K.L.:
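Take a look at the following structure, please.
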Amino acid sequence: MAKTKYIFISGGVMSSVGKGIAAASLAKLLQSKGYRVCPVKCENYLNVDAGTIRPTEHGEVFVCDDGIETDQDIGTYERFLNLSLSQDNFITMGLVYQTVIERERSFGYEGEDVEAIPHLCDEIIRRIKNAGRKSRADIVIIELGGTAGEYQNIFYYESSRIMKLRDKDSVLQVHIGYLPTPPTVGEMKSKPVQTSVRLLNSMGIQPDFLVARAEKPLDRKRKERLALFCNMDSDDIISNPDLESVYDVALKFDEQAFADRVLKKIRLKPKGKDLNDWRKLAEVVKTDKPEVPIAIVGKYFATGDYVLSDVYVSVIESLKYAGWANGVKPKLHWLDSEKIETDGAEKYLKNMAGLVVPGGFGSRGTEGIIQAVKYARENNLPYFGLCYGMQLATVEIARHLADMADANSTEIEPKTKHPVIHIMPEQEKKLLSRDYGATMRLGAWDCQIAKNTKAHQAYERNEISERHRHRYEFNNTYRTRLEKVGLVVAGTSPDGKLVEIIELKDHPWFVGVQFHPEFQSRPLRPHPLFREFMAAAKANFSIYTN
Ligand code: GLN
C-alpha cells in the first residue's frame with residue numbers, strides 16, 4: 001500500500017468562521033478524486049471526551065457506532081464524507097494527557113523523565129497515524145481545534161511540525177484565516193491573516209495553502225499581496241467567500257483546483273470518481289420548495305439562536321434532508337417547553353404540521369413537553385420523539401390513556417407510583433458512585449422491528465442498528481397495560497428485553513425511538529424515519545392548507 005499522507009488544518013484570526021466546513025469540503029473533494037480519506041478532529045479541552053460537556057457550552061454531543069461521545073464536527077465529517085467514524089477519529093487534550101499519565105504510572109517510560117515535549121507530541125502523532133492505519137486511508141485530514149496562537153493547542157501544532165520535518169512530501173499544512181471587512185472601511189483587510197501566518201512561522205510552520213475566509217471572494221490583487229507577505233505562491237491562496245449553502249464550499253474549492261494542487265504537493269494523481277452527486281445535492285438545496293412548519297419542543301431554547309442551532313445540529317440537518325427528499329423545506333419553530341407549561345400547547349401547536357421532541361436530560365420543562373405530546377396525540381399531529389421524546393410520550397400515554405395520573409420517569413420523579421420509565425440497573429450503580437464519564441448506554445445497538453408498524457414501513461427491514469445515549473428505559477412491567485390502550489411496541493433489542501420503538505395505534509404518524517436516528521442521517525442518504533415523519537407532516541399540512 002502507498003504511504004499515507006497527512007494534511008493538517010489550522011485556523012487563524014478567529015474562531016467560528018467555518019474551519020470544520022472548509023476542512024470537510026476539502027476532504028470531500030479529495031474523496032471525489034478517488035482517494036480514501038480519514039478525518040481526525042483534535043480538541044483542546046481537558047475533558048477526556050465530549051460526553052460530560054453541557055450542550056450549551058460546546059454544542060451537540062455526537063455519538064459514533066462504537067459509543068464514543070464526540071464534538072459536533074465529527075457529525076459534519078460523517079455527513080459530508082458518508083463515513084462512520086469512531087474513537088480513532090477524535091482526540092482531546094484530556095485523552096492525550098490521560099494516556100501519557102497512565103503509561104507513566106505503569107512504568108511504561110521505564111524511568112524516563114516524562115515531558116510535554118516529546119511525550120505528549122509522540123502520543124498525538126501515534127493517534128493520528130493509528131487513525132490512518134486502521135481506516136487504511138490514503139489521506140488523513142487533521143483539523144486542529146481553536147486558532148493559532150493559543151497556548152492550549154500548542155502541542156498539536158508542534159506535532160504537525162515534527163511530522164512534516166520527518167517526511168516533507170507526505171505532510172501538508174493548510175491554514176484557514178479570516179479576512180474581515182470592517183463596515184467603516186468597506187474593504188477586506190488582510191493584515192490579521194498575515195499576522196496569523198507569522199505566528200505559524202514563529203512555531204516553525206510555513207503553510208502550504210492559505211484558505212481565505214471572507215464575506216466576499218478574494219481578488220487577484222489581495223491574493224498577490226498575501227502571497228508576498230506570507231511567503232507563498234498566489235495560486236496556493238484559496239478563496240472561501242460566504243456562500244448560499246455549505247454544500248457550495250466544495251464546489252468553490254473545485255473551481256480553484258484546490259484538490260488537484262493538494263494532490264500534486266503530496267505526489268498523488270487524481271483518479272476516477274467525480275463530484276456529481278454532491279453537485280446535484282447543492283442544486284436541490286438551492287431550489288425553492290414549499291415550507292412545512294415543524295415544531296421542536298425542548299428546554300435549551302432560551303439561550304439564543306446561535307447556541308440553539310449548535311445544540312441540535314444533527315436533528316436540524318436530519319429534518320432538512322428529510323424535507324428535501326419530500327420536495328419541501330421544514331420551517332422550524334423552536335418552542336420553549338416552559339412556555340407551554342404556562343400558556344398551554346394549543347396556542348403554539350395549532351398551526352404546526354408536525355412535532356419533534358429531541359433528546360434531553362433532567363426535569364426542567366418536562367411537563368410542558370408532556371402537554372405538547374398530548375396535543376399531538378389528540379389532534380392527529382405527526383409526532384416524532386427522539387430518546388427523551390420517546391420516554392415522555394410513554395409517560396403521556398400512561399397518564400392520559402392508561403389511568404396512571406402520576407406516571408413519570410424516575411429521572412424526573414424518583415418516588416412516582418408508576419415509574420413507566422426507570423433507570424437501567426447497572427446505570428444506577430454508576431450514578432451512585434459518581435461514575436459519569438462514558439457510562440451511559442452508548443453507541444450502536446441492534447433493534448428488531450415488528451411487522452405492520454410505521455417503523456417497518458420506513459426501514460423496510462426487520463433488523464436495524466441505531467446509536468444510543470441514555471440511562472433510563474421503558475419499564476416492561478407496564479408493557480401489557482400500555483399496549484392495551486393503544487401503545488405499540490414496534491422495536492425491541494434482539495433479546496426482546498429493551499423497548500426501542502413505540503408507536504400509537506390509530507394515529508397518522510406517532511413514533512418514539514429510544515435511540516438517536518439523527519446521528520445516522522446523511523444528505524445523500526436521509527434517515528428513513530425522518531423521511532417518513534416529514535412525509536406525514538407534509539400530508540398533514542396539505543390537508544389543512546388546501
Ligand atoms: N434523559 C434520558 C435518559 O438518560 C434521555 C436521554 C436522551 O434523550 N439522550 O435516558
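Whatever order the structure lists ligands and atoms in, that order sets their numbers, starting from 1. None of the values given here were measured: they were computed from a predicted structure. Residue numbers count from 1 along this sequence.
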K.L.:
Under 4.5 Å between any side-chain heavy atoms of F515 and L529, yes or no?
P.N.:
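The answer is yes, as the side chains (C-beta and beyond) meet within the 4.5 Å cut-off.
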
K.L.:
With sequence neighbours left out, which residue pairs that include part of residues 367-390 fulfil the side chain to side chain donor-acceptor pair (under 3.5 Å) condition?
P.N.:
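For residues 367-390, and leaving out neighbouring residues, the side chain to side chain donor-acceptor pair (under 3.5 Å) pairs sorted by first residue read E367-R399, K374-E378, R377-E396.
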
K.L.:
Please identify which of these residues, E78, E69, E500, meets the salt bridge (charged side-chain N to carboxylate O under 4.0 Å, His left out) condition with R467.
P.N.:
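Filter result, single survivor: E78.
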
K.L.:
Run the ring-centre check on W324 versus Y247 and record whether the distance is less than 6.0 Å.
P.N.:
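Here the rings of Y247 and W324 have centres that are less than 6.0 Å from each other.
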
K.L.:
List, for ligand 1, each N/O atom that has a protein N/O partner under 3.5 Å away, with both atom names and the distance.
P.N.:
| unit_1 | atom_1 | unit_2 | atom_2 | d |
| --- | --- | --- | --- | --- |
| ligand 1 | 1 (N) | G360 | O | 2.9 |
| ligand 1 | 1 (N) | E411 | OE1 | 2.7 |
| ligand 1 | 1 (N) | E411 | OE2 | 3.1 |
| ligand 1 | 4 (O) | R471 | N | 3.0 |
| ligand 1 | 8 (O) | G360 | N | 2.9 |
| ligand 1 | 8 (O) | G360 | O | 3.4 |
| ligand 1 | 8 (O) | Y388 | N | 3.1 |
| ligand 1 | 9 (N) | R469 | O | 2.9 |
| ligand 1 | 9 (N) | H516 | NE2 | 3.1 |
| ligand 1 | 10 (O) | Q391 | NE2 | 3.0 |
| ligand 1 | 10 (O) | R471 | N | 3.1 |
| ligand 1 | 10 (O) | Y472 | N | 2.9 |

K.L.:
To the closest 0.5 Å, what do you measure between CD1 (I501) and CD (Q448)?
P.N.:
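Answer for the CD1-CD pair, I501 versus Q448, is 11.0 Å.
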
K.L.:
Would you say E518 and Y312 make side-chain contact, with heavy atoms under 4.5 Å?
P.N.:
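No, their side chains stay 4.5 Å or more apart.
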
